[in-house]
There are 2 protein chains.
Amino acid sequence: MGERKSADRKDQIAKVASEYFHEKGYMAVSMRDLAKEVGIEAASFYNHFDSKASILKEICFRMADEFFTGLNEALSEHNSPSEQLKAIIRKHIEVVLKNFSASAVFFREWRHLSEPWLQQFLELRRRYEEQVRQVLNRGMASGAFRKADQHVMVYALFSLINGLHEWPDVQRHFSAAEIADRIASLFLEGISNASAQKS
Amino acid sequence: MGERKSADRKDQIAKVASEYFHEKGYMAVSMRDLAKEVGIEAASFYNHFDSKASILKEICFRMADEFFTGLNEALSEHNSPSEQLKAIIRKHIEVVLKNFSASAVFFREWRHLSEPWLQQFLELRRRYEEQVRQVLNRGMASGAFRKADQHVMVYALFSLINGLHEWPDVQRHFSAAEIADRIASLFLEGISNASAQKS
DNA sequence: CCTACCGATCGGTAGG
DNA sequence: CCTACCGATCGGTAGG
């Protein structure tokens, strides 16, 4: 099957590109760099992708898909805001660690997306953010969460769960479940000792 | 004084470069882009900097200096681990917001530093990290902080305070003091309501 | 600080 | 999937 073979090659290119874009950054990687690693000539890429830009697009939108799948599962499998929040954190971190290079590219290199993909990408991020915000708002309304500025709350959460690829050796030291538990616990309860908390 | 004029021009270049590198990324900005904005020819840069790489070096190491100054002030002005921690967060966020573009370049573009600057930069980050880790360890030892994995604790903290430039419109919405207070409170106490905390 | 220029490399195309 | 090639642009230098 020619199509099957072609899809394999396309996946291989996407995988190699994820690793190179992660390591060196999108702009610092040339088609010839990728070609060498894949074992073909640079010109042959254009049988699989329209352009260098479309490789980046593929990586970013695949990851967006993964994140949304995780989010939807987290929301449908739980009801209370705090259970939903923990599940969101768990699913999100699983997706990050299972696709470490691609997710790093997703978080770091999306700025180099060409139009109209850039606008579409930003719209997806807004939608994801909005769904998480609603969980936090429901938690504040129900009294499960401390009342706080929702801006700070939601972006602090994103900083925590999107900053993982900057952690040195994160993949060697921890499983997804461990990190998720500890980050969820930190976000919910902080690092202060309860007995020492009221000064 | 020729030297005074030259230093002004050098600062102007560094400032313009910070903004461009922040907006487009180091690799996506050409010397000719910068030249146009500064109002000189590309070749004239080499009277002020040895290379494109040395502009990035200048930005990153200037920021490293700022962060260390803030850290040292925080440590010397306070004694208890939790007061030191709050001061570290406050100083760090002040530095980020006061040098928004340059700090974004510091956090995002350091990978493009050339040797030996890259190694030296990583060494500085290790030293900063180590000092923060010691504050957290002292706080755990004294009972001020909950006992937790120090890796998770320190990198979660860095994610929180280094992820600020990804927050949309952070500069428009908040003052440094507001953000610092809220992030410190979140990191120390979490978002759970104390009354709902023990399930 | 400018003009004039260098070799290298870029993303991409034509044609097979 | 390859060979052969394109125009554009890159960081940087020589010489004034």
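Bear in mind that the values here come from a model prediction, so they are computed numbers and not experimental data. First the proteins, then the strands, lettered A, B, ... as listed; each starts at 1.
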Can you sort out the partners of B/H22 under ring-ring contact (aromatic ring centres under 6.0 Å, His included), two or more places apart, ordered by chain and number?
B/F100
Which nucleotides of DNA chain D pair, in dot-bracket form (Watson-Crick or G-U under 3.5 Å, | meaning another strand)
||||||||||||||||
So B/V38, base contact, sugar-phosphate only, or nothing? Heavy-atom distance under 4.0 Å.
nothing
Do any pairs count as a side-chain hydrogen bond (donor to acceptor under 3.5 Å, both in side chains) and have a residue in residues 176-188 of chain A, sequence neighbours left out, and if so which ones?
A/R182-B/D149
Check the angle between the aromatic planes of A/H151 and A/Y155 and answer parallel, tilted or perpendicular using the 30° and 60° thresholds.
perpendicular
On the 0 to 90° scale, with breaks at 30° and 60°, tag the B/F158-B/Y128 ring pair as parallel, tilted or perpendicular.
tilted
Whole-Å distance, B/R9 CZ to C/dC2 C1', equals 13 Å
Those residues at least two apart in sequence (or on a different chain) that pass side chain to side chain donor-acceptor pair (under 3.5 Å) with A/N162 are A/H92
Show me the protein contacts with nucleotides 12-16 of chain C, counting only N or O atoms at under 3.5 Å.
unit_1 : atom_1 : unit_2 : atom_2 : d
C/dG12 : OP2    : A/Y46  : OH     : 3.0
C/dG12 : OP2    : A/K52  : N      : 2.7
C/dG12 : O6     : A/R32  : NH2    : 3.3

With sequence neighbours excluded, what pairs up with A/S142 under the side chain to side chain donor-acceptor pair (under 3.5 Å) test?
none
Note: contacts of residues 12-28 of chain B with DNA chain C (heavy atom, under 4.0 Å) are none
Only counting residues at least two apart or in another chain, list the ones meeting ring-ring contact (aromatic ring centres under 6.0 Å, His included) with A/F49.
none
Under 4.0 Å from OP1 or OP2 of C/dT9: is there any side-chain N or O of A/S30 that close?
no
Residues forming a side-chain contact (heavy atoms from CB on, under 4.5 Å) with A/R125, sequence neighbours excluded
A/F106, A/F107, A/W110, A/F121
A/N47: side chain to side chain donor-acceptor pair (under 3.5 Å) partners, not counting sequence neighbours
none
Value in whole Å for how far the C1' atom of D/dC2 lies from CD of A/E41
7 Å
So, using ring-ring contact (aromatic ring centres under 6.0 Å, His included) as the criterion, who are the partners of A/F45 when residues are at least two apart?
none
Rounded to whole Å, please give me the gap between CG in A/D33 and P in C/dT9.
11 Å
B/R32: which residues meet the salt bridge (Lys or Arg N to Asp or Glu O under 4.0 Å) condition with it, sequence neighbours left out?
none
